[in-house]
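Have a look at the structure below, then the notes.
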4 protein chains.
Amino acid sequence: MGATVSTRGRIDKRQAILGAAFAVFAREGYARAGVDVIAAEAGVAKATVYSHFGDKETLLREAIAASADQALARNLAVLDRLTDRGDDLRATLEGVGLRLLQCYCDDRSWALRRLLSSEINQFPELLDIVHTRAAGRVTEALADRLARLSIAGHLHAPDPLVAAEQFFSLLSGSIDTRARLGTRRVPNTELRTVARAAVDTFLKAFAQKPTG
Amino acid sequence: MGATVSTRGRIDKRQAILGAAFAVFAREGYARAGVDVIAAEAGVAKATVYSHFGDKETLLREAIAASADQALARNLAVLDRLTDRGDDLRATLEGVGLRLLQCYCDDRSWALRRLLSSEINQFPELLDIVHTRAAGRVTEALADRLARLSIAGHLHAPDPLVAAEQFFSLLSGSIDTRARLGTRRVPNTELRTVARAAVDTFLKAFAQKPTG
Amino acid sequence: MGATVSTRGRIDKRQAILGAAFAVFAREGYARAGVDVIAAEAGVAKATVYSHFGDKETLLREAIAASADQALARNLAVLDRLTDRGDDLRATLEGVGLRLLQCYCDDRSWALRRLLSSEINQFPELLDIVHTRAAGRVTEALADRLARLSIAGHLHAPDPLVAAEQFFSLLSGSIDTRARLGTRRVPNTELRTVARAAVDTFLKAFAQKPTG
Amino acid sequence: MGATVSTRGRIDKRQAILGAAFAVFAREGYARAGVDVIAAEAGVAKATVYSHFGDKETLLREAIAASADQALARNLAVLDRLTDRGDDLRATLEGVGLRLLQCYCDDRSWALRRLLSSEINQFPELLDIVHTRAAGRVTEALADRLARLSIAGHLHAPDPLVAAEQFFSLLSGSIDTRARLGTRRVPNTELRTVARAAVDTFLKAFAQKPTG
DNA sequence: TATGAATGAGGATTCATTCAT
DNA sequence: CATGAATGAATCCTCATTCAT
């Protein structure tokens, strides 16, 4: 039990540091972020951060990886809703589109994307970490669903991967501006409008043409 | 003329500093960028940078503004090609789409967008600078062209601004991944494929429906 | 005439620079004082200051010398009132004491003394400049007057120089504290009280004892 | 004990820094004084100075406060000699006067006064620090002693505070000139002469008048 | 293991001074 | 002669990292 407790404590500290690190990196940027600040925000001493992660770069990588895992989980949870039950395709797509946009607009997602942009020159591996863990998988999961819908005759999407990418594009394309890169909170009604417009165009292009 | 020479010299230095500043900021990020490095790259003394711009923040703002002006010019030059001469709409759109993608993939554009992402928390005004000077205008210019094409009966786009945004979205949506946020050079043939797919979907959605 | 005018202009600028220099040196201290500030306060360009005085040290020396000359003039003007007309010795001494204190408390005098204190390590010559031009002469002038009063039988001061020094000491000894080194303006009534106490003690010690 | 050792070490460094800081500030003046120089002179790293005192201003304040404490101690030690044992009043006063002058002429005292003069415009609080801690207390301690001597019938000083101030004034009034503001070492014999002259005048003014 | 203390390297900014006009 | 522009040296301060306890 004693061991269990201390192990728990250590793991908790690790999580606290990762959380604080991501928050501070996101808020200040990698270079401006102070290890002291991260340590303080995590409630540990600076040296403890070093004993866990060795150096600031490693801390960034691990914090980003953890954050990417969480983002993937959030996105996949949404996609699970997109089954091929043919009920009302438009409504289903709009619902999924809205949720995807909500994921996309989650503060943590913005932070992750901004960090990625900022540090890609210094740390190109970050992109792989995130893509392997999150972004790629989401697109593929969506492509899977669209393929099934195609096979089921609800959609006409010969290349499901392209369709998936374009669906995402239509959804998220105008969001950077609307959300001021995550600086402004986009109201849900606005997200719904965007999703509707995206689905509208998407269906015009990919809906199964009525026979005849 | 004597005055002209010295003024020219001062203006030249100013331009050199702005260019170097943007290059270094883009390469290193704001925080990591050293004013010494910028000065050296511009071929002037560090103090000269300060006598021109006062401090590093101002330098960032001015460098970004100048860069946004250039980006706007590049984009508008492309859009001028999109007239309502009804030749071959698809080919025209694909051509314009390709050039827009090329603008989008220009190193300087990537750098501008990355810098914006990185520093938006520290300097929220940057977004306004860029949007006022560049991004917004391009979208509107494209909407203008699409509106004309609609009026001329070549397109069916009741809301040209939405159509413009979606055209952009379809074009650029998958580029972040393909170009690894500007880290990888996307070959022209790949850009052409993307443009073709985008125009394809765009036309399916917005092409003038045959009467009846 | 043209020559006269330009010479006048040059001399005026020189005076303006000296005045501004003393003001800024006094306000900021030598090291903190910026030549740009002095130039601006004098209404000339920085380079003009250099063409007149060569460098900052010289400017300090000349500004101090000019200020010392003015201080000397102010003090001597007061001492002229101390004649050996035996009217009322106490009243005369109190009047002179008060005026000397007013000189001592003049902002420019405080500034001069503070500058001297500050920079004596860096520029030991300053002390000679001031002493030669001002401080020494005032004490000697006072000693002269006291000697005459002694000879005239109004005082008993075998060593007039010591008496003069002590008269000054009694006057100014508590002023540093009262004026917070020139930071606080001492009201005239307080100065009068101090002068009275000084003269009181001085006369107790040096008044001619009544015979028998 | 372990803690004691490390604490000791830290306190030692703090003292070393304060000592070095005062020395360098006194020698160079606040503005010219380099924190690097102070650190080097204290045998610590520059950053250590900052970790102890935060910034240069705080360092100045603390160094001055410590120096004022030391000066107070030196002065009070002298005043303890001035009891009301009626032995030989003149000799006692001359002895105390000489020691007070020696305190006044101590290099550290000159440095403290010069620093105060120099920086009073930038840091007016310094005056309060020193007065609260040192100058004021010394005058009052002297006034106390003089009051006792009065009560014991050895002196006639109705206002002991004024008498104390004037005693100091007579002692120190001519010293600024003689010591060239601390730049020249005044030989002890000269100090003795000054003290004798001061006591002479002081006693003429304040000695108990023969009854009747 | 966790920590408080110490440090060395680095970066933004200022300023006296010079030079071309 | 007076000036605007340019500069190089110097200075305060921060921060990632290490070490003794």
Side-chain angles (χ1 to χ4, degrees), chain A residues 6-7 9-10 13 30-39 43-57 59, chain B residues 1-7 9-11 13-14 17 28 31-39 43-57 59, chain C residues 6-7 9-10 13 30-39 43-59, chain D residues 1-7 9-11 13-14 17 31-39 43-57 59:
Chain A
S6 85
T7 296
R10 186 161 170 75
K13 279 194 177 170
Y30 175 75
R32 276 187 132 83
V35 177
D36 342 28
V37 176
I38 292 172
V44 303
K46 206 192 332 185
T48 306
V49 175
Y50 279 89
S51 87
H52 275 267
F53 295 98
D55 65 4
K56 202 184 170 188
E57 295 193 11
L59 182 54
Chain B
M1 273 292 284
T4 303
V5 167
S6 87
T7 296
R10 185 158 172 81
I11 289 183
K13 278 191 178 163
R14 190 182 172 88
I17 295 171
E28 313 272 358
R32 275 185 133 82
V35 178
D36 352 19
V37 177
I38 293 173
V44 302
K46 210 195 315 188
T48 305
V49 175
Y50 281 90
S51 95
H52 275 266
F53 295 98
D55 63 3
K56 205 183 168 190
E57 295 194 12
L59 181 54
Chain C
S6 84
T7 297
R10 187 160 170 75
K13 278 194 178 170
Y30 175 75
R32 276 187 132 84
V35 177
D36 341 29
V37 176
I38 293 173
V44 303
K46 207 190 334 183
T48 305
V49 175
Y50 279 88
S51 86
H52 274 267
F53 294 97
D55 65 3
K56 202 184 170 189
E57 295 193 11
T58 305
L59 182 54
Chain D
M1 276 290 285
T4 303
V5 167
S6 86
T7 296
R10 186 160 171 78
I11 289 184
K13 280 194 176 160
R14 192 184 170 87
I17 294 171
R32 277 186 131 83
V35 178
D36 349 19
V37 177
I38 293 173
V44 302
K46 208 197 313 190
T48 305
V49 175
Y50 281 93
S51 95
H52 276 266
F53 296 98
D55 63 3
K56 203 184 168 189
E57 294 194 12
L59 182 54

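The figures here come from the full heavy-atom set of this structure, side chains too, leaving out hydrogens, waters and symmetry mates. Proteins come first, then strands; the chains are lettered A, B, ... in the order of their sequence lines, and each starts at number 1.
- Summarising the geometry, the separation between CG on D:Leu59 and C1' on F:dC13 is reported as 13 Å, rounded to the nearest angstrom.
- Within the 4.5 Å cutoff, no side-chain heavy atoms of B:Lys46 are placed close to those of B:Ser51.
- As a whole-Å value, the separation of A:Phe53 CZ from F:dT17 P is 14 Å.
- Across the strands present, E:dT13 finds its partner in F:dA10; the criterion is a Watson-Crick or G-U wobble pair with both atom distances under 3.5 angstrom.
- You'll find the side chain of B:Tyr50 reaches within 4.5 Å of the side chain of B:Val35, heavy atoms only.
- Pairing for E:dA20 goes to F:dT3, judged as Watson-Crick or G-U wobble with the two contacts each under 3.5 Å.
- When rounded to the nearest whole Å, the span between CZ of B:Arg10 and C1' of F:dA6 equals 9 Å.
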When every nucleotide of nucleotides 7-13 of chain E is labelled 5' to 3' by its protein contacts under 4.0 Å (heavy atoms), B for base, S for sugar-phosphate only, - for none, what sequence of letters results?
-> BB-B-SB
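- Side-chain atoms of B:Lys13 never come within 3.5 Å of backbone atoms of B:His52 as a donor-acceptor pair (strictly under, hydrogens ignored).
- Across all their heavy atoms, B:Leu59 and B:Val49 have their closest contact at CD2-CG1, 3.7 Å.
- Checking side-chain atoms of D:Lys56 against main-chain N and O of D:Gly34 turns up no donor-acceptor pair under 3.5 Å.
- Minimum interatomic distance between D:Ala31 and C:Ala31 (heavy atoms only, all atoms of both residues): CB-CB, 3.3 Å.
- D:His52 has a side-chain polar atom (N or O) that falls below the 4.0 Å cut-off from OP1 or OP2 of E:dA6.
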